[in-house]
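Remember, it's a predicted structure, so these values are computed and weren't measured experimentally.
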Amino acid sequence: MNLAGSVIRQDAIRPIHGTINWERMYRTADYHRIANLIYLGLMGKREMVPERWRERFFERYQEALRYGEICNEAEREILTLLEMKEISCIILASCGVRDLYQVKEMAGNSPLILFLDSESYVLVKGYLVDLGYETDRTYEECGECMKKVSGFTVEIYHDLPFITSTYKKQMQRLLERSVPRNSSQRIRNLTVQDRFVFRMAQAVYHYATNELLLREVLDLYLFHKAWQSRLDHESIMDMLSAFHIDELAEKLLYISYMWFGSKAESGIERPDENLEVYDVLENRILSRGAIEKETDPQAQELGSMIERVREKERRRERLGSMKDDLAARWREMRRSLHWIFPEYRYMCAIYPWLESLPILLPVSWIIRDVRLLLGMLKNKLRSRKKARVSDQGNQDQADF
């Protein structure tokens with residue numbers, strides 16, 4: 001965090017003391033998608049970093065450089081195609097977030113995120129496959145992330161990946177307020193204020209599910225810093241209050257300024273509460289939820305709501321599995337009953353006299369089934385007799 005904050009602020013990097021587990025440091029930075037940023041902070045400390053891990057950090061830095069060269073063109077290609085095909089969509093995020101960084105290679109490999117209706121979703125996925133994209137990750141019942149060999153990624157959704165009813169309702173309101181992008185009527189954007197609300201709500205949701213990344217917190221900080229003059233704080237708090245996350249969202253925004261901002265910045269007011277509250281948030285984020293002594297009531301409430309929905313889905317899956325099992329057993333039983341009690345036409349083919357006396361169908365079933373059972377018993381006895389003869393022959397050959 002010290003390295004990342006110093007690089008973003010472009011101030012003096014604190015000296016590194018003691019022994020560092022460089023493997024853990026790299027894997028943590030890579031998980032939080034800031035390994036390219038950490039590389040910039042290590043450039044003056046090359047002698048301290050083992051060669052293996054120095055190369056791994058450099059690889060992530062190179063990926064960020066290449067991504068910067070291709071992302072604008074790849075994004076333009078996709079949006080132009082959608083415009084030509086007259087497909088409606090809403091842009092939830094784009095590689096434009098890179099413009100918020102003082103040095104572009106500090107930015108992460110931010111994807112283009114599109115929201116579409118179900119019909120357009122299928123078409124867009126087909127067009128992306130034609131352009132060389134392959135499914136990299138699937139979001140169950142929501143959408144998927146598609147990636148090209150060049151590294152550019154596109155996330156497409158037909159349903160946003162938030163499972164609580166409150167989130168679904170409030171996110172839908174944000175989508176309904178989207179505005180046309182430039183002169184296009186098909187491709188739409190969220191307003192600056194709604195984009196910030198979306199980012200804040202998404203960050204809080206990821207915090208509650210232990211999926212919040214430092215890169216996401218950093219993007220949130222830079223977005224607020226760049227657009228705060230155009231943001232109506234009171235209106236934003238009202239919208240976040242409808243999500244029931246206004247206080248927690250404000251805490252996350254404040255901690256982003258603690259990590260990445262300077263003392264001279266006046267992004268948000270210093271909170272009155274004990275700063276130990278922020279230690280809980282920090283520990284949970286940096287430990288990926290391993291340290292989860294949650295004290296924030298809104299985080300606890302949101303986590304409980306998510307867990308209730310997940311438990312409901314698990315019960316639905318178990319019930320569906322039970323129904324499938326019962327249906328399979330019923331089909332098996334029907335096949336058995338059909339074998340024991342064949343249909344009338346089949347029995348007439350075996351016993352022609354049944355055509356003139358259909359009332360004797362049950363009698364024909366009994367006769368047939370008894371004959372089959374006797375035949376099975378005879379075959380079984382014959383098999384046993386053959387086995388005994390074979391065993392006797394083998395024994396005689398062994399004695400000889």
**Asked** Hey, does the side chain of Ser241 reach the backbone of Met237 with a donor-acceptor pair shorter than 3.5 angstrom?
**Response** no
**Request:** Just jot down the ring-ring contact (aromatic ring centres under 6.0 Å, His included) partners of Tyr39, sequence neighbours excluded, or say none.
**Result:** Phe58, Tyr61
**Item:** Gap separating the CZ atom of Arg284 from the CG atom of Leu212, nearest 0.5 angstrom
**Value:** 10.0 Å
**Prompt:** Judged by atom type as modelled, is there a donor-acceptor pair below 3.5 Å linking the side chain of Arg54 to the main-chain atoms of Val49?
**Reply:** yes
**Prompt:** For Gly108 and Tyr67, which heavy atoms make the closest approach, and how far apart are they?
**Reply:** O-CD2, 4.5 Å
**Message:** Cation-pi check for Phe223 against Arg195: NZ or CZ below 6.0 Å from the six-membered ring centre and within 45 degrees of the axis, yes or no?
**Reply:** no
**Item:** Other ILVMFWY residues reachable from Met322 by side-chain steps of under 4.5 Å
**Value:** none
**Asked** Got a sec, which pairs hit salt bridge (charged side-chain N to carboxylate O under 4.0 Å, His left out) with one end in residues 106-135, sequence neighbours left out?
**Response** Lys125-Glu144
**Request:** Evaluate the criterion salt bridge (Lys or Arg N to Asp or Glu O under 4.0 Å) for residue pair Arg188 and Glu176; output intermediate values, then yes/no.
**Result:** CA-CA 10 Å; Arg188 304 174 70 84; Glu176 290 171 356; over 6 Å; no
**Asked** How about Arg371: does its CZ atom have over 12 heavy atoms from other parts shown lying under 6.0 Å from it?
**Response** no
**Asked** What distance separates Arg66 CZ from Cys71 SG, expressed to the nearest 0.5 Å?
**Response** 13.5 Å
**Asked** Where the side chain of Lys148 meets the backbone of Leu131, is there a donor-acceptor pair that is under 3.5 Å apart?
**Response** yes
**Request:** Assess whether atom CE of Met333 is packed by more than 12 heavy atoms of other residues, nucleotides or ligands within 6.0 Å.
**Result:** yes
**Prompt:** Can we say Arg310 and Glu317 salt-bridge, meaning some charged N sits less than 4.0 Å from an Asp/Glu carboxylate O?
**Reply:** no
**Fill in**
Residues passing the side-chain contact (heavy atoms from CB on, under 4.5 Å) test with Ala299, sequence neighbours excluded, are Tyr207, Leu248, Glu294, Asp296
**Asked** Within the side chain of Asn36, is there an N or O that forms a donor-acceptor pair under 3.5 Å with the backbone of Glu105?
**Response** yes
**Asked** Among pairs that include at least one residue of residues 352-364, which meet side chain to side chain donor-acceptor pair (under 3.5 Å), considering only residues two or more places apart or in two chains?
**Response** none
**Complete:** Rounded to the nearest 0.5 Å, the CG atom of Leu357 sits from the SG atom of Cys348 at a distance of 10.5 Å
**Prompt:** Any chance CD1 of Ile359 has more than 12 other-residue heavy atoms, nucleotides or ligands included, within less than 6.0 Å?
**Reply:** no
**Within-4.5 Å side-chain heavy-atom neighbours: Arg288 and Asn210** = no
**Request:** State which residues pass side-chain contact (heavy atoms from CB on, under 4.5 Å) with Leu175; sequence neighbours excluded, sorted by chain then number.
**Result:** Ile90, Leu92, Phe115, Leu160, Gln172
**Asked** Which residue pairs pass the salt bridge (charged side-chain N to carboxylate O under 4.0 Å, His left out) test with at least one member in residues 26-42, sequence neighbours excluded?
**Response** Glu23-Arg27, Asp30-Arg60
**Complete:** With sequence neighbours left out, the residues meeting ring-ring contact (aromatic ring centres under 6.0 Å, His included) with Tyr167 are Phe162, Tyr205, Phe243
**Request:** Please list, chain by chain and in numerical order, all residues satisfying side-chain contact (heavy atoms from CB on, under 4.5 Å) with Asn72, sequence neighbours excluded.
**Result:** Arg76, Cys95
**Message:** So for atom CZ, which belongs to Arg318, do other residues, nucleotides or ligands contribute more than 12 heavy atoms lying within a distance under 6.0 Å?
**Reply:** yes
**Prompt:** For Glu311, does the CD atom sit with more than 12 other heavy atoms under 6.0 Å from it, leaving out its own atoms?
**Reply:** yes
**Complete:** Sorted by chain and residue number, the ring-ring contact (aromatic ring centres under 6.0 Å, His included) partners of His158 (sequence neighbours excluded) come out as Tyr121
**Item:** Arg177 side chain near Thr191 side chain, heavy-atom distance below 4.5 Å
**Value:** no
**Message:** Would you say that more than 12 heavy atoms from the other residues, nucleotides or ligands in this model lie under 6.0 Å from the CD of Glu140, or not?
**Reply:** no
**Message:** Counting neighbours of CE on Met1 that are heavy atoms of other residues, nucleotides or ligands and sit closer than 6.0 Å, is the number greater than 12?
**Reply:** yes
**Complete:** Sorted by chain and number, sequence neighbours left out, ring-ring contact (aromatic ring centres under 6.0 Å, His included) with Tyr139 holds for Tyr157
**Message:** Regarding Glu301 and His244, do their side chains bring together a donor and an acceptor under 3.5 Å, going by distance alone?
**Reply:** no
**Complete:** Asp159 meets the side-chain contact (heavy atoms from CB on, under 4.5 Å) criterion, sequence neighbours left out, with Lys168
**Message:** Can you confirm whether more than 12 heavy atoms, excluding those of Arg314, are under 6.0 Å from its CZ atom?
**Reply:** yes
